[in-house]
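Since the structure comes first, as structure tokens, the remarks are kept for the end.
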Amino acid sequence: MEKAYQPQQVEDRIYQYWLEIGAFDAEVNPAKQPYCIVIPPPNVTGVLHMGHALDETIQDLLIRLHRMKGYEALWVPGTDHAGIATQNVVEAQLEEEGLTRHDLGREKFVKRVWEVKDKHHRIITDQLKRIGVSVDWRRERFTLDEGLSRAVREAFVTLYEQGLIYRGARMINWCPRCGTGLSDLEVERELVPGHLWYIRYPEPNGGPGVVVATTRPETMLGDTAVAVHPQDERYKEMIGRTVILPLMNREIPIVADDYIDMEFGTGALKVTPAHDPNDLEIGQRHNLPSILVIDRAGKMTDETGPYAGLDRYECRKRVVADLQKQGLLERIEDYQHTPGRCQRCGTVVEPLVSTQWFVRMEPLAKEGLAAVDSGQVRFIPERWTKVYRDWLENIQDWCISRQLWWGHPIPVWYCNDCGEVTCTREDPTRCAHCGSENIQQDPDVLDTWFSSALWPFSTLGWPEETPELDYFYPTSVLVTGYDIIYFWVARMIMMGKHLVGKEPFSEVFLHGLVRDERGQKMSKSLGNAVDPIELMDEYGADAMRFALCQLITHGQDVTYSPDRMVGARNFCNKLWNASRFVIMNLADMQPVALESTQLSLADRWILSRHSRMLAEVQRQLDGYNLAQAAEAIYDYVWGEFCDWYAEIAKIDLYTDGDNSRRKTVQTILHTLLDEILRTIHPFMPFITEEIWQRLPHSGETISRQPYPQARERWRDEEAEAQMSVLQTAITQIRALRAELSISPGQPVNVTVIVPDEETMSLIASQQQAITSLARVEELNLATAPAKPPQAALLAVSEGMQICLHLPERLDIEEEIQRIRREIDELEKLRKRSVKKLQNSDFLNKAPAQVVNKEKEKLAEFDRDLQRLWDQVKLLSSISP
RNA sequence: GGGCGCUUAGUUCAGAGGGAGAACGCUACCUUGACACGGUAGAGGUCGGAGGUUCAAGUCCUCCAGCGCCCA
């Protein structure tokens with residue numbers, strides 16, 4: 001074995017091996033319990049980032065864990081066509097060539113998108129394999145493939161037939177750059193500095209009229225009213241009268257509406273029903289006409305007279321200038337406002353009334369709420385439930401049509417003769433209403449999230465009643481970031497309940513987002529994105545995975561930390577070398593039955609600690625506390641198995657003589673290492689497989705071995721307590737050595753004065769461990785009240801006095817000072833303890849157990865202090 | 001405006017009522033027959049601030065400040 005673990009020599013080979021033996025293949029298997037995760041499909045727009053690495057690591061951990069626990073574990077891989085995002089990538093490429101998608105035409109353009117999809121799909125697949133994902137590649141899906149397209153079609157037609165999908169003219173968000181309508185979720189709002197323009201609308205008779213305040217003066221060209229609050233004393237007289245809309249010279253009414261905020265601006269609101277959702281509602285309440293003044297390209301329409309054809313921002317400047325010229329611009333204030341921007345391209349969206357397809361969400365939202373209220377779906381961490389609920393309780397209809405070319409076509413045909421709509425599961429050749437063949441399909445495509453919403457069941461074969469769907473659905477858990485609760489999680493739950501009749505998963509584990517070292521969200525545009533591939537090149541996939549697991553705490557964002565990578569890489573190496581040590585000493589192993597063998601203190605102790613660790617890992621994993629589970633493993637492996645047990649084991653391994661001890665130790669080392677590897681495997685699959693293959697084993701792969709379980713019979717409180725005393729003694733001797741910088745090569749003599757016979761026999765039986773681990777030449781034992789030897793360094797702990805003989809070089813004054821410092825520390829603790837025990841409230845109200853513990857502590861402090869003072873006296877008496 | 005989260009060692013983060021923890025970094029000593037990606041021993045926190053509850057408060061409650069996010 002190499003002296004250091006070299007992941008690059010291992011990972012590829014191991015992954016190929018797994019594929020060869022079908023280690024990740026899952027089948028419908030009634031003999032086993034199913035455990036299923038469907039991957040949140042990465043977009044084929046780009047490459048995987050740290051957020052994916054985190055997401056996949058968690059899922060792989062859960063899948064591998066359950067596979068080992070005996071479940072039929074299926075992880076379904078796949079990718080998402082990511083409609084608008086992918087289309088934009090290709091459009092950006094074309095732009096560099098000086099072309100638009102219209103220059104190419106729809107067919108050629110879509111062909112080009114497929115090429116981009118293929119390229120990114122290859123990259124993503126390679127990246128996933130590097131991470132070590134144990135997905136069943138035979139079952140990979142793509143949101144635009146044939147089966148999923150059928151699912152989309154079925155879902156659309158079903159919802160249409162049920163009246164839950166409808167076509168209508170409604171206010172939507174329009175992105176002038178992408179040239180498509182968007183759903184509310186795809187609009188991001190950001191506070192930016194702007195202005196509030198105060199514009200006077202005079203009365204027809206030349207009276208002063210009213211002053212309105214607006215952040216978007218260009219929309220005034222489409223105003224059809226001014227609205228005031230009915231209780232507003234300032235305007236009571238004006239209600240029902242008219243004012244002249246400047247520039248357009250249109251006479252518009254003043255209406256009263258409760259919606260108006262009297263505090264904002266002048267309390268008078270210009271009403272533009274065609275370009276503001278609130279204005280639209282006011283318009284509907286007062287039967288106001290709606291005048292479209294901004295078109296889909298962001299240019300002014302013919303309705304705007306002299307401004308027709310101008311860009312909306314150019315028009316804003318001209319309107320302001322013209323108002324100023326006419327003396328109707330009263331003033332301009334600085335004002336922070338939040339214009340909506342297209343999530344994908346950043347362009348300021350235009351709210352406008354447009355005919356689109358919508359999903360009626362209210363009935364579906366009820367099903368979504370019921371799924372959570374009934375406990376069918378549980379969020380982890382629990383607090384996200386409220387976020388989910390709040391959204392569903394205030395749900396708006398979902399605009400699902402997109403004026404794009406990349407995506408699922410809308411399965412609707414319009415009849416050019418009778419004007420009716422035909423929506424069917426198979427492509428129609430004639431109108432379902434009049435039989436005319438003069439029909440044409442809707443040119444639009446569906447929101448990419450529509451197909452995503454079906455993912456957990458479409459990937460399992462729905463709408464076919466496949467055995468997979470029957471067996472694996474509902475899936476076990478969904479693992480994703482909290483940023484797509486609305487976009488994806490909620491919609492999957494609703495669609496699953498409604499279309500399949502069952503919730504798509506019983507648990508949702510929501511993790512945080514990955515941020516850079518300064519806490520900023522990682523993104524390509526900011527240039528702070530860390531490439532997981534580079535990390536894996538440098539530290540190895542296992543190290544990256546383990547580091548990510550250590551960083552995952554419930555729902556909290558994860559700050560990328562290279563230090564963690566180093567720590568995890570070192571842990572890999574530690575595991576590698578501990579294994580190397582065990583393997584080197586296993587050549588002549590003849591396993592013994594541990595139950596019927598005489599075990600040493602260290603043996604009993606490590607078996608107990610091992611079992612305790614397994615229980616803790618289990619407990620933490622059950623609660624999705626991955627960081628705590630990882631910590632439990634780390635602390636045990638490094639701090640107990642390596643630091644203590646392996647060191648003590650060397651005594652038996654390297655000492656000739658008692659062959660039965662060697663056999664026992666070999667058996668324990670092998671047994672525990674095997675279980676350690678299996679316990680860590682879901683976290684660090686590659687290194688554990690590599691080592692496991694080099695250990696005596698049966699079976700093809702560690703990934704299909706049973707997951708270790710804690711053994712109650714290995715628990716040994718007595719061994720743990722005794723070992724603790726031994727560890728204290730050794731640590732104290734080491735500390736005394738360090739105090740005087742005695743090099744490890746230099747042996748020392750030690751006297752341990754023990755408080756009782758029990759400790760005496762304990763220490764006596766562990767002489768070898770002490771002399772070996774603390775590098776002691778001669779170990780003397782005495783029972784209190786023996787006097788410590790003169791001129792010795794003294795430490796006091798667990799009732800023991802540990803004296804390090806140093807007859808020649810000891811500086812007595814310095815030693816007295818050192819002991820006094822120790823006394824000061826103890827004294828502080830003693831005082832606190834005394835104070836507590838003098839408090840009658842504490843004695844009366846605290847549980848007896850706590851009080852007793854405090855009393856014991858105080859007794860120990862007193863005893864230790866006494867001995868330290870004795871030593872000071874002793875040293876003082878011989879001081880020159 | 002409403003809601004959520006965070007504030008603990010130089011840095012990144014755990015801890016959720018009974019003597020402050022990890023990783024990395026730092027100091028000292030050490031190539032000890034698994035490992036210098038190592039060993040041993042250390043230094044380093046009035047747990048954001050102010051009140052309160054409690055015998056006991058990083059830990060529970062209230063308020064405040066700062067940072068971040070979501071929704072309107």
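The sequence lines fix the lettering, A, B, ..., with proteins before strands; numbering per chain opens at 1.
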#### Entry: Under 4.0 Å protein heavy-atom contacts per nucleotide of nucleotides 16-22 of chain B, with B for base, S for backbone only and - for none
--BB--B
### Message
At 4.0 Å (heavy atoms only), tell me whether Cys642(A) reaches a base, stays on the sugar-phosphate, or touches nothing.
### Response
base
### Query
Nearest of rC55(B), rU12(B), rC37(B) to any side-chain atom of Leu551(A)?
rU12(B)
### Query
For the base of rC35(B), is there a side-chain donor-acceptor partner from Lys574(A) under 3.5 Å away?
yes
### Task
Using atom CD1 of Ile730(A) as one end and atom C1' of rG39(B) as the other, report the distance to the nearest whole Å.
14 Å
### Task
Select base, sugar-phosphate, or nothing to describe what Thr731(A) touches, counting heavy atoms under 4.0 Å on all strands.
sugar-phosphate
### Query
Choosing from rC35(B), rA41(B), rC70(B), which nucleotide comes nearest the side chain of Arg734(A)?
rA41(B)
### Task
Side chain of Arg515(A) only, please: which of rG68(B), rC4(B), rG38(B) is the nearest?
rG68(B)
### Query
In whole angstroms, how far is the C1' atom of rC35(B) from the NZ atom of Lys650(A)?
9 Å
### Query
Out of rC37(B), rC24(B), rC35(B), which nucleotide sits closest to the side chain of Glu647(A)?
rC35(B)
### Task
Look at the side chain of Arg737(A) and the base of rU40(B), then say whether one donor and one acceptor between them are separated by less than 3.5 Å.
no
### Query
Within the structure shown, what part of the strands sits under 4.0 Å from Phe571(A) by heavy-atom distance: base, sugar-phosphate, or nothing?
nothing
### Message
What is the distance, to the nearest angstrom, from the CG atom on Asn570(A) to the P atom on rG39(B)?
### Response
9 Å
### Message
Is there, by distance only and without an angle test, a donor paired with an acceptor across the side chain of Arg569(A) and the base of rC37(B) below 3.5 Å?
### Response
yes
### Query
Looking only at atom P, what distance separates rG45(B) and rG2(B), rounded to whole Å?
40 Å
### Task
Take Gln6(A) and Gln9(A), measure what side chain to side chain donor-acceptor pair (under 3.5 Å) needs, and give me the verdict at the end.
CA-CA 6 Å; Gln6(A) 274 152 2; Gln9(A) 291 178 10; 3.2 Å; yes
### Query
Which base sits across from rU46(B) as a Watson-Crick or G-U pair, both distances under 3.5 Å?
none
### Query
Between Trp384(A) and Phe379(A), does the ring centre distance come in under 6.0 Å?
no
### Message
Distance check needed: rA23(B) P versus Met565(A) CE, whole Å only.
### Response
17 Å
### Task
Using the test side chain to side chain contact (heavy atoms under 4.5 Å, CB included), find all partners of Leu829(A) that sit at least two apart in sequence or belong to another chain.
Arg832(A), Phe861(A)
### Task
Take the protein atom CD1 of Ile485(A) and the nucleotide atom P of rG5(B), then report the distance between them rounded to whole Å.
13 Å
### Query
Mind checking who rA22(B) pairs with, Watson-Crick or G-U wobble, both distances under 3.5 Å?
rU12(B)
